[in-house]
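Heads up, the thing below is written out as structure tokens.
Chain naming here is simple, since letters A, B, ... match the order of the sequence lines and numbering starts at 1 in each.
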2 protein chains.
Amino acid sequence: MSSHSFVSGSSAGVYSPRQGQAYALVSAKTGQRSPSNRGLSRINKAGQLQSSATRQPCRERRHSLQICNVAAAERPTLNLNGASGSQARVMIIGGDGYCGWATALHLSARGYPVCIVDNLVRRNYDAQLGLDTLTPIVSLHQRARRWGEVSGQHLDLQIGDICDFEFLSEAVQAFKPDTIVHFGEQRSAPYSMIDRARAVYTQHNNVIGTLNVLFAIKEFAPDCHLVKLGTMGEYGTPNIDIEEGFITINHNGRSDRLPYPKQGGSFYHLSKIHDSHNLHFATKAWKLAATDLNQGVVYGVDTAETTAHPQLINRYDYDGIFGTALNRFVVQAAVDHPLTVYGKGGQTRGYLDIRDTVRCVQLAIDNPAQRGEFRVYNQFTEQFSVNDLASIIKRQGAKLGLNVQVASVPNPRVEAEDHYYNAKHTHLVELGLEPHLLEDNLIDSLLNFALQYKDRIDVNLIKPAVDWRKAGSRNAMMSAAIAK
Amino acid sequence: MSSHSFVSGSSAGVYSPRQGQAYALVSAKTGQRSPSNRGLSRINKAGQLQSSATRQPCRERRHSLQICNVAAAERPTLNLNGASGSQARVMIIGGDGYCGWATALHLSARGYPVCIVDNLVRRNYDAQLGLDTLTPIVSLHQRARRWGEVSGQHLDLQIGDICDFEFLSEAVQAFKPDTIVHFGEQRSAPYSMIDRARAVYTQHNNVIGTLNVLFAIKEFAPDCHLVKLGTMGEYGTPNIDIEEGFITINHNGRSDRLPYPKQGGSFYHLSKIHDSHNLHFATKAWKLAATDLNQGVVYGVDTAETTAHPQLINRYDYDGIFGTALNRFVVQAAVDHPLTVYGKGGQTRGYLDIRDTVRCVQLAIDNPAQRGEFRVYNQFTEQFSVNDLASIIKRQGAKLGLNVQVASVPNPRVEAEDHYYNAKHTHLVELGLEPHLLEDNLIDSLLNFALQYKDRIDVNLIKPAVDWRKAGSRNAMMSAAIAK
């Protein structure tokens, strides 16, 4: 037997921990629930968590952002094979991570039976490198239990490594997913550039893990729709418009629609490029259904569900290795540290609020690819240069009395610092995405948040810790932790 | 310490085993030899192996093809850093394989100090699957010793796995290559499609091995030119002309020269796509010098050097897993087996004679990429459809009294069987390649050869043994061996 365990969150039939309301259990085994439970996890516009029967206010709230109403219009109505969204069984690989946890709760709140598959290695990266999330997260098991108590929805947990095919195949056969959402990869570019061992780890873990997912779907769940997280970084910074996955090329009097050329900027980005090619082949050779979500840089932390209880809070990474640009800048602003712009600051990328990440994934699930189809959606809402971000934070920070300074530091990456960038992102909007825009939400969803956790910030962690040019074959175990 | 050994071929200072001629040793340590040794391994037009002093005939020859004169014009004059070709130290990873062995001898005969790095796994694949080369090859150690005796040239052997970085780094530091030629990958598309374990093995072995080579060069030999074997199969079969690695795309009024879009047709082909992306990044991030040789389907077996002694003979694979299309057809013709055309037979690919493979690699070595440069050469000389090949063999076979039949069998692969194909291949011709053409050489270099070894042919091995659609997660250890 492989070394994994099956852990349930809340599995009581009727449970309402703090409000005494009656919540019916959604069975994770069948995905069925009675019509009378349809409104169970609805939360009204005033931010009150409500049962369908009593509509009493939620007593546990911490943030100004509160769980908002899950409108009927948002509720899924279709999925692969014509099953209704509330019956679609979603396996979320990497459900303990930043995007994965938010997505798991978002879907669970909307009636999707959810199984989180995770080997908890994201927590181990922090342990290796002496890093920590800004927010105090509890164990995955405690998170899942708490979610069961708060929402009445059951989360299946399967703890193991998808590079272990025996584990993965058992998990897939046990849960019988209609959709697998695959967040379960090492997702930091700097981490992949620390040293040879971590470059190799990143490509092995990501590429082999995804190969295993493809084989598991082919073998045990051929109708299952794979929603795979890619990255906008796969495209690099070409001097032409970036299309969504494919581009029609006219050449020497002929024309073809071909995969968009890829130019990865780190061994991490390259691993996602490798995945994309493998996925494309599997959809052709085996008629699998796959959607590749080329996601931009995600910012923010709260979603409607993660604010429902302190123990549901998401992780928030601001360090030089796992902290994405905007999240890192916000923390710097909160502690009066100059925003560290790498080089000229003209590096332009697509960005999105984590509240849009979870909606994009839901849209992909509700509008699945067909068998044999390989779809690529560019998953971001706005594009900014690093200098744009610094200006916005400076402007919005001033409203809170923050005197935000900006400093250019030598760019530890090898990348263009002044380039053309125009990436298409219409597919998800066409499916109904209504974006949260950065300037509207920066203070409430980010700056105030960082100020709230100011005393947990370790400024040693926010400096750039990994130089692309210096990635060596020698083990650099501690160098990332000890910011230089 | 890692589990590898260092083995030398001939290391006697002066040695001439059968002819009593004086051969001066080329020191593998310094790469230096005295000017008087310049003509040592020259072989004249009549096929006679000659020392520069005595010009006596070689007494050991078996085939009608004989070692031909290595014209002075072919001798290398330049390599990276301005060293002369006779000083360029070449490490050949995978030097025990089909292309690797021929290349090692070709270069060694021309005065390049050569170190073969190989883990001998190609021989193990045959053992796993119950396959065998048509030709009786001896151990690598015996091959290397025999080459030393025949040519007076020393071959360094380093036996180990490049996925073991400790081994690879020691090998690179010991040999100090000016060029690394990297053939050391699992190179069969059907092998990669046998089952999940072999798909994962292929991508792990090829991608991680190449990552290790990149790190070893960066760390221990930053001026070393990497000549990496890719495959024409990386391009797939687009409906536009295939360029050499890059294509200028005009799109929405802008233009950029970008990596040519890739569409791999097996997990093997995909592994080479992954390598290409990793190489491209490494040349940008670390200023490495790399040439990616996107090779077509290689046919033939003899080169000038491998015919110098029976124990120098190259391997010849005709089975359904490692046999390339043309080599397999020739064996079928020799035993009155119908040529097994997969599906419609319109599948068109680039082909080249193994005698051109070795010259292409030498051209890449002698005209190295610059640091920071990532060059891609399409390495083939002619393109044919499968039906074209069958017609040529039928026509040429008739001259030898063979009544060649052609049979269409269900295509075990997932591929277009009737498609546009026009691939550019001018870079190597511009560097001086003079191709051997198939129709001119088929009888002498292939059909007569197969007839000579007719009694070693096992017809059970030539049927298609791997179905792309059936690649499963269960271990298919023996199914490939037992042709169905």
Side-chain angles (χ1 to χ4, degrees), chain A residues 163 165 169 193 195-197 199-200 203-204 207-208 211-212 215-216 218-220 236 238-241 243 246-252 254-267 269-271 273-274 277-278 280-281 284-287 413-414 420 422 468-469 471-474, chain B residues 165 169 193 195-197 199-200 203-204 207-208 211-212 215-216 218-220 236 238-241 243 246-267 269-271 273-274 277-278 280-281 284-287 413-414 420 422 468-469 471-474:
Chain A
C163 287
F165 190 73
S169 59
M193 299 300 295
D195 55 17
R196 186 198 66 85
V200 165
Q203 294 216 344
H204 174 91
V207 172
I208 305 305
L211 278 179
N212 280 350
F215 272 93
K218 175 181 190 290
E219 193 93 351
F220 305 116
N239 195 37
I240 59 174
D241 292 344
E243 301 295 328
F246 294 87
I247 181 170
T248 297
I249 302 178
N250 299 303
H251 183 55
N252 297 346
R254 302 183 63 88
S255 176
D256 201 0
R257 179 175 177 269
L258 294 170
Y260 197 96
K262 299 293 179 72
Q263 301 181 98
S266 73
F267 288 117
H269 290 105
L270 287 155
S271 76
I273 294 173
H274 307 340
H277 285 96
N278 284 344
H280 189 198
F281 170 71
K284 284 194 282 193
W286 300 336
K287 305 292 179 204
R413 304 188 178 207
V414 176
Y420 180 75
N422 184 35
W468 262 226
R469 297 166 190 82
S473 62
R474 291 183 195 84
Chain B
F165 190 73
S169 60
M193 298 302 294
D195 55 18
R196 185 198 65 85
V200 165
Q203 294 216 344
H204 173 90
V207 173
I208 305 305
L211 279 179
N212 280 349
F215 273 92
K218 175 182 190 290
E219 194 92 351
F220 305 116
N239 195 37
I240 58 173
D241 293 344
E243 302 294 330
F246 294 87
I247 182 171
T248 297
I249 302 178
N250 300 302
H251 183 57
N252 296 347
R254 303 182 63 87
S255 177
D256 201 0
R257 179 174 176 268
L258 294 169
Y260 197 96
K262 299 291 179 73
Q263 300 182 95
S266 74
F267 289 118
H269 290 105
L270 288 156
S271 75
I273 294 173
H274 307 340
H277 285 96
N278 284 344
H280 190 197
F281 169 71
K284 285 194 281 193
W286 300 335
K287 304 292 178 205
R413 305 187 178 207
V414 176
Y420 179 76
N422 184 37
W468 262 225
R469 298 165 190 83
S473 62
R474 290 184 195 82

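Counting heavy atoms from C-beta on, the side chains of I240(A) and N250(B) never come closer than 4.5 Å. Residues P259(B) and K262(A) form no side-chain contact, since every pair of their non-hydrogen atoms from C-beta on lies 4.5 Å or further apart. Contact annotation: the side chain of N278(B) approaches that of Q203(A) to within less than 4.5 Å [non-hydrogen atoms, C-beta and beyond].
With a threshold of 4.5 angstrom between heavy atoms, F267(A) approaches chain B through its backbone and through its side chain. Looking at V207(A), only its side chain comes within 4.5 Å of chain B, counting heavy atoms on both sides. Heavy-atom distances place both the backbone and the side chain of H274(A) under 4.5 Å from chain B. Heavy atoms closer than 4.5 Å to chain A are found in the side chain of H280(B), but not in its backbone. At a 4.5 Å heavy-atom cutoff, the contact between K218(A) and chain B is made by side-chain atoms alone.
With chain A as partner, the option from G253(B), A197(B), A285(B) having the largest number of non-hydrogen pairs under 4.5 angstrom is A285(B). Note: G265(A) leads S271(A), G265(A), S169(A) in heavy-atom pairs under 4.5 Å with chain B. The candidate from T248(B), N422(B), D241(B) with the greatest count of non-hydrogen atom pairs under 4.5 Å with chain A is D241(B). Chain A forms the most heavy-atom pairs under 4.5 Å with one residue out of Y260(B), F220(B), W468(B), F215(B), and that residue is F215(B).
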### Task
Run the numbers on E243(B) and H251(A) for side chain to side chain donor-acceptor pair (under 3.5 Å), then give the verdict.
CA-CA 10 Å; E243(B) 302 294 330; H251(A) 183 55; 2.7 Å; yes

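Here the straight-line distance linking atom CZ of F281(B) with atom NE2 of H269(A) works out to 9.5 Å at 0.5 Å rounding. Between I249(A) atom CD1 and L258(B) atom CG the span is 8.0 Å, to the nearest 0.5 Å.
Residues A471(B) and W286(A) approach most closely at CB-CZ2, 4.0 Å, considering heavy atoms. Closest heavy-atom contact between L211(B) and A199(A): CD1-O, 4.3 Å. Closest non-hydrogen pair, V414(A) versus K284(B), comes out as CG1-O, 3.9 Å.
Between the side chains of H204(A) and H204(B), at least one donor N or O sits under 3.5 Å from an acceptor N or O.
Residues meeting the side-chain hydrogen bond (donor to acceptor under 3.5 Å, both in side chains) test with R254(A), sequence neighbours left out: N239(B).
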